[in-house]
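Report on the structure given below.
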Number of protein chains: 2
Amino acid sequence: MAPRRPTSRDVARLAGVSRTTVSLVLNNVPDVHISPETRQRVMDAARQLNYYPDVSARRLASGRTRTIALVWHRGPDQTYQDAFLPGVLQGITRAARHYGYYVLFRPIEPDEPNGSYVELARGRHTDGLILSGPRSDDPHLLHLHRDGFPLVLHGQLPGADIPSVDVDNVRGAMTAVEHLLALGHRRIGTITNASLAYTSSRQRLDGYRQALEQAGIPFDEDLVRYGNFDEGSGQAAMEMLLSLDRRPTAVFVASDMVAMGALRAIQDRGLRVPEDMAVVGFDDIPPSRFIAPALTTVHVPTFGLGWSAAELLIRIIEQDIPNEIHALLKTELMVRESCGRRTAVGRPGEQ
Amino acid sequence: MAPRRPTSRDVARLAGVSRTTVSLVLNNVPDVHISPETRQRVMDAARQLNYYPDVSARRLASGRTRTIALVWHRGPDQTYQDAFLPGVLQGITRAARHYGYYVLFRPIEPDEPNGSYVELARGRHTDGLILSGPRSDDPHLLHLHRDGFPLVLHGQLPGADIPSVDVDNVRGAMTAVEHLLALGHRRIGTITNASLAYTSSRQRLDGYRQALEQAGIPFDEDLVRYGNFDEGSGQAAMEMLLSLDRRPTAVFVASDMVAMGALRAIQDRGLRVPEDMAVVGFDDIPPSRFIAPALTTVHVPTFGLGWSAAELLIRIIEQDIPNEIHALLKTELMVRESCGRRTAVGRPGEQ
DNA sequence: CTGAAAGCGCTTACAG
DNA sequence: CTGAAAGCGCTTACAG
């Protein structure tokens, strides 16, 4: 940009006012009376000079960046995360824009040193952070929170009372299992999405257990197997369930990716879905709609998660802190083909 | 953050040096000799005070933001874009981090006023922009380029000589069609990914034509149908191809999303893939691996696109401009099930 | 090898 | 309703 950039001084000169007035007008500062004529003169001058305020100067003077960052910890569940990223990011950016904020995207690779995101806060890069996949043993997180830096977690961190946004995993799992029960299944297996060290795994398993309990079906440890994010783990887990003496007639797989493997295991045995084995998943990743049979699954509202997180964070930044700082979003059961239609006669339960 | 943030002055005082020295040490400015002892004293003081330089101040003083933005125009092909976003963004952020840059993500919704991204450049928000889905009638783009603002396009913009990164659509389409030819097909249809107003559509159709030409097969207008990003368009287009008196034995669908619809149309007719109709797609979106039969398709290197774009942009920003400012990335044919295996005896061509 | 000083371009009390 | 002035916290010639 060869020609010198115009500054607020140039605008002020052209409009015949002070730089103060230029700033007041351009930032639309409330409760300050400036005549409409003056306002117009300033606007016209700015337009004529093609003036854009220098954001770095503005930030330095105001102490606010109007930027938030999404800190996206990459873990062993990359494919899974990738399925969520577009929706979450769109939710965040839309909310951010609505409130006049910018969004910095900061993925953290597994090999980066712990807490390498703190400079985004300490260096006044951003006014607040949304963190996905936080680890409970992260001292930097706690320090930042203690120092009053605005933070919102995606997911939950037991213990610390940091604002958070998550999906209602327990209720989501319950609706999935209730769907199977309504179809007449009584012997229902489950495969977790990951190890129970993950909060979401524990919660989804809890939902499974609660749904059975409400239906008066005793919880049977034998019907629980453990997945680990990927297809391979689902395939292995399903094979174990299929090898049971009294195998289930239906299975709740707490992750669509894992369910892909489970479906393969079922089909490899020459069994049919849903006739021989009903399957319900969780997450509603894009492939689930396209496979045959299309997977009935629990939809996770990615856009809503992003929007809620950004909105909550911005309210905290702007000191308009809501009473409830933990949001739990509703899921929705997507009934497709892998359990048979609800209208169909339920499969006869065992015995 | 209640306690006053430490500034470079505090660090200087504690280390017993001037602020200049602090800046020189912390920024690792080359070609300036400072004794190792002094260096160490500064580092220690910074650590002890938990000092992080204020980036706004740094940017204002240096005139550089070390930030690039991805401007992501949302169009009619959202699902398609969502399949690409994670890879592209990861490529960009990894390259950015490698060179010490931050990444701002700025999606543009279809209803936003034209050129609403220019403030990112004019307001000195970023040092450069990567733009996806640029429209050739965008005057702001041309102005920015004329003013010397660093820009890299994702995709190509005929006419303007703006640096760009794209996938080699022509060669990609050729390998897809050559695969079908190698399997013995001679009557091969095609369905475009979108209207020919899109450069990628035109190029992929060109690849189809060239592959046929090289095999000595005359181009037949009847075998060309037009898709429009989504499944529905693929289904409709495929139905037309299936209604032909002499229908093709194979089809190259220039988009996996569109291919999903084409597959449905084939199966709705009770025909089998690949036995009755071989199908090869383009893009390699996640669902393509999971459907049955798994889709043979042309893989688009999303990570590479992102990395190349960011790297090219940063080189331009740092005045280290390469000779070739237009990158064309190689695709890779992913042979799966929808064309039959290469090892299988080729299907007999018509006649 | 190091320091005093100007300057980056805004915002914001404060005074009028 | 408007203006003069201080200040935000750095970097960077420049002088020594």
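Remember, it's a predicted structure, so these values are computed and weren't measured experimentally. Each chain gets a letter, A, B and so on, in the order its sequence line appears, and its residues count up from 1.
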Requested in this report: Could you walk me through whether B:Leu144 and B:Tyr117 pass side-chain contact (heavy atoms from CB on, under 4.5 Å), step by step?
Outcome: CA-CA 11 Å; B:Leu144 242 29; B:Tyr117 60 84; 4.0 Å; yes
Query raised in the report: On DNA chain C, which is the earliest and which the latest nucleotide, 5' to 3', with an atom closer than 4.0 Å to a heavy atom of chain A?
Result: C:dG9 to C:dA13
Requested in this report: Decide yes or no for A:Glu109 and A:Glu112: does some side-chain heavy atom of the first lie under 4.5 Å from some side-chain heavy atom of the second?
Outcome: yes
Query raised in the report: Hey, can you pull the residues of residues 36-50 of chain A with a non-hydrogen atom under 4.0 angstrom from DNA chain C?
Result: none
Requested in this report: State, with a plain yes or no, whether a side-chain heavy atom of B:Asp138 is found less than 4.5 Å away from one of B:Leu142.
Outcome: no
Hey, can you pull the donor-acceptor pairs under 3.5 Å for the side chains in residues 41-49 of chain A, sequence neighbours left out?
unit_1: A:Arg41; atom_1: NE; unit_2: A:Ala15; atom_2: O; d: 2.9
unit_1: A:Arg41; atom_1: NH2; unit_2: A:Ala15; atom_2: O; d: 3.4
unit_1: A:Asp44; atom_1: OD1; unit_2: A:Gln40; atom_2: NE2; d: 3.0

**Report entry** Any donor-acceptor N or O pair under 3.5 Å, side chains A:Ser18, A:Thr21
**Finding:** yes
Report task. Could you say whether B:Ala57 or B:Thr21 is positioned toward the 5' end of DNA chain C, judged by the nucleotide with the nearest heavy atom to each? Result -> B:Thr21
Query - Structure string for DNA chain C in dot-bracket form, Watson-Crick and G-U at under 3.5 Å, | interchain - result: |||.||||||||.|||
Query - Whether A:Arg5 side chain and B:Arg122 backbone form a donor-acceptor pair below 3.5 Å - result: yes
Query raised in the report: In terms of side-chain geometry, is the basic nitrogen of B:Arg59 or B:Asp127 positioned less than 4.0 Å from the acidic oxygen of its partner?
Result: no
Requested in this report: Tell me which residues in residues 12-20 of chain A put a heavy atom below 4.0 Å from DNA chain C, sorted by number, or none.
Outcome: A:Arg19, A:Thr20
**Report entry** Derivation of the side-chain contact (heavy atoms from CB on, under 4.5 Å) call for B:Arg124 and B:Arg64
**Finding:** CA-CA 8 Å; B:Arg124 279 202 173 142; B:Arg64 310 209 26 220; over 6 Å; no
**Report entry** Partner of A:Val17 by side chain to side chain contact (heavy atoms under 4.5 Å, CB included), out of A:Thr38, A:Val11, A:Leu24, A:Ile34
**Finding:** A:Thr38
Compile the donor-acceptor pairs under 3.5 Å between side chains in residues 150-165 of chain A and protein atoms, sequence neighbours left out, one pair per line.
unit_1: A:His154; atom_1: NE2; unit_2: A:Leu305; atom_2: O; d: 3.4
unit_1: A:Gln156; atom_1: NE2; unit_2: A:Asp166; atom_2: OD2; d: 2.7
unit_1: A:Asp161; atom_1: OD1; unit_2: A:His326; atom_2: NE2; d: 3.0
unit_1: A:Ser164; atom_1: OG; unit_2: A:His326; atom_2: ND1; d: 2.9

Report task. Would you indicate whether the side-chain heavy atoms of A:Asp77 and A:Phe84 approach each other to under 4.5 Å? Result -> no
Query - Sub-4.5 Å side-chain heavy-atom contact between B:Asp10 and B:Tyr51 - result: no
